[in-house]
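Here is the structure we will look at, set down as structure tokens.
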2 protein chains.
Amino acid sequence: MDEVFKALADASRRSLLDRLHARNGQTLNELCEGLAMTRQAVTKHLAILEQANLVTTIRHGREKLHYLNPVPIHQIGERWIKKFERGKLAALGELKRQLEKRDE
Amino acid sequence: MDEVFKALADASRRSLLDRLHARNGQTLNELCEGLAMTRQAVTKHLAILEQANLVTTIRHGREKLHYLNPVPIHQIGERWIKKFERGKLAALGELKRQLEKRDE
DNA sequence: TTGACAGGCAACCATTTGGTTGCCTATTAT
DNA sequence: ATAATAGGCAACCAAATGGTTGCCTGTCAA
């Protein structure tokens, strides 16, 4: 899980996920197009995403296809959000109320 | 939004959020208790969480109370997850199917 | 079979990050 | 008034991070 958060921390990597979301199964070179980054930089980002299990790859001949894996992101929603979500809006509302009481 | 992801990338900071979730409105020194870190390190983490709007603080006399703000985390769930969630399980299932076809 | 294309590996570099220590300020309690 | 308490600021440091360049390997097409 730690790896997922670290992987998502970088904007370049998030945009790579965006690209894969737009069109799944792209090759490395396709993912490089239009980016102000060398191919090797992208390779590193993809490796990090792969290790975090956010991207799955498959070799097909000399090409490596990249597929988005939505499961870990979904798990954040399941574990983290849910954890803090109880009393979602209530938190801020109650916060204000408590402080008003405290500072009287 | 970038700040939120960066703030969540660190395990120490996530555990600070856990602590605040367990008991909201703690002071800096309370949050330091039992951690293998100096007070100043915790201060820095809290500053980052504050900048990401994940923690709201209020001065009360010489104390600074820290409150968890669940809204940005909730927004991840709203924006990111939703974005990739379409065809949640479908993605992996379809992935396998496509590859089986491709590699025949 | 040979060149072009897709990708991998490794060394290197600058900046960011997570942490430290040391000292300063403000508030509270004795 | 003064000591203890709660927190802030700044300089500094080591390690991690995001990026580069250079070169190597494997696969496909002419």
Side-chain angles (χ1 to χ4, degrees), chain A residues 1-20 23-68 99 102-104, chain B residues 1-20 23-68 99 102-104:
Chain A
M1 202 77 257
D2 182 69
E3 286 178 315
V4 175
F5 280 107
K6 288 212 170 141
L8 290 176
D10 185 85
S12 302
R13 287 194 287 270
R14 291 199 299 274
S15 94
L16 283 172
L17 291 183
D18 284 336
R19 279 164 163 251
L20 284 180
R23 191 162 64 82
N24 216 6
Q26 292 187 65
T27 67
L28 171 58
N29 279 309
E30 283 171 339
L31 287 168
C32 286
E33 272 165 27
L35 292 188
M37 229 185 305
T38 56
R39 178 176 54 83
Q40 286 77 358
V42 177
T43 302
K44 284 194 186 178
H45 283 306
L46 288 172
I48 289 170
L49 290 169
E50 231 181 306
Q51 266 196 301
N53 205 22
L54 285 160
V55 162
T56 312
T57 62
I58 258 288
R59 289 305 291 264
H60 192 254
R62 66 178 158 179
E63 294 183 332
K64 192 177 186 183
L65 290 304
H66 296 77
Y67 292 88
L68 180 89
L99 298 180
R102 218 177 248 274
D103 276 328
E104 69 193 4
Chain B
M1 199 76 262
D2 182 67
E3 286 178 315
V4 174
F5 280 108
K6 287 211 171 143
L8 289 177
D10 185 83
S12 302
R13 288 193 287 270
R14 291 198 300 273
S15 93
L16 283 171
L17 292 183
D18 285 335
R19 278 164 164 251
L20 284 180
R23 191 162 64 82
N24 215 8
Q26 293 187 64
T27 67
L28 171 58
N29 278 310
E30 283 171 336
L31 287 168
C32 287
E33 273 165 29
L35 291 187
M37 230 186 304
T38 57
R39 179 176 53 85
Q40 286 77 359
V42 177
T43 302
K44 284 194 186 178
H45 282 307
L46 289 172
I48 290 169
L49 290 169
E50 231 182 306
Q51 266 197 299
N53 205 21
L54 285 160
V55 162
T56 312
T57 62
I58 259 287
R59 290 304 293 262
H60 191 255
R62 68 178 157 179
E63 293 182 333
K64 191 178 187 184
L65 290 306
H66 296 78
Y67 292 88
L68 179 90
L99 298 179
R102 222 177 245 273
D103 278 326
E104 67 193 6

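Chain identifiers are assigned alphabetically (A, B, ...) following the order of the sequence lines, protein sequences preceding nucleic acid strands; residue numbering begins at 1 within each chain.
For A/R62, the side-chain atoms get nearest to C/dA4 when compared with the rest of C/dT27, D/dT20, C/dA4. Of the candidates D/dG7, D/dT5, C/dG19, the closest approach to any side-chain atom of B/L28 belongs to D/dG7. The A/R59 side chain lies nearest to C/dG8 when the options are D/dG8, C/dC5, C/dG8. The B/K6 side chain lies nearest to C/dT17 when the options are D/dG8, C/dT17, D/dG18.
A/F5 places its CZ atom 19 Å from the C1' atom of C/dT17, with the value rounded to the nearest Å. B/E63 has its CD atom 9 Å from the P atom of C/dT28, to the nearest Å. Atom NE2 of A/H66 is separated from atom C1' of C/dA6 by 11 Å (rounded to the nearest Å). The nearest whole Å value for the distance from the NE2 atom in B/H45 to the C1' atom in C/dT17 is 9 Å. Rounded to whole Å, atom P of C/dT17 lies 15 Å from atom CG of B/L8. The nearest whole Å value for the distance from the CE atom in B/M37 to the P atom in C/dT21 is 13 Å. Per the geometry, CD belonging to B/Q26 stands 11 Å off P belonging to D/dG7, to the nearest Å. If you take CZ of A/R39 and C1' of C/dA4, they are 14 Å apart, rounded to a whole angstrom.
Regarding contacts with the backbone of D/dG18, every side-chain N or O of A/T38 stays at 4.0 angstrom or more from both OP1 and OP2. For D/dG7, the OP1/OP2 oxygens have a side-chain nitrogen or oxygen of B/N29 closer than 4.0 Å. Side-chain nitrogen and oxygen atoms of A/S12 include none within less than 4.0 Å of the OP1 or OP2 phosphate oxygen of D/dT17. Not one side-chain nitrogen or oxygen of B/T43 sits closer than 4.0 Å to the OP1 or OP2 atom of D/dG7. Proximity of B/K64 to the phosphate of D/dG8: a side-chain N or O atom is located under 4.0 Å from OP1 or OP2.
Two residues are said to be in side-chain contact when any heavy atoms from C-beta on lie closer than 4.5 Å; B/T38 and B/T43 fail this criterion. Inter-residue side-chain proximity for A/D2 and B/R14 is flagged as met; some heavy-atom pair is nearer than 4.5 Å.
Rounded to the nearest 0.5 angstrom, B/L49 CG and B/T57 OG1 are separated by 11.0 Å. Atom CZ of A/R13 and atom CG of A/L54 lie 10.0 Å apart (nearest 0.5 Å).
Contact of A/Q40 with D/dG22 (side chain to base): a donor-acceptor pair of N or O atoms is detected under 3.5 Å.
Residue whose closest nucleotide on DNA chain D sits further toward the 5' end, between B/K44 and A/G61: B/K44.
Between the side chain of A/E63 and the backbone N or O of A/H60 there is no donor-acceptor pair closer than 3.5 Å.
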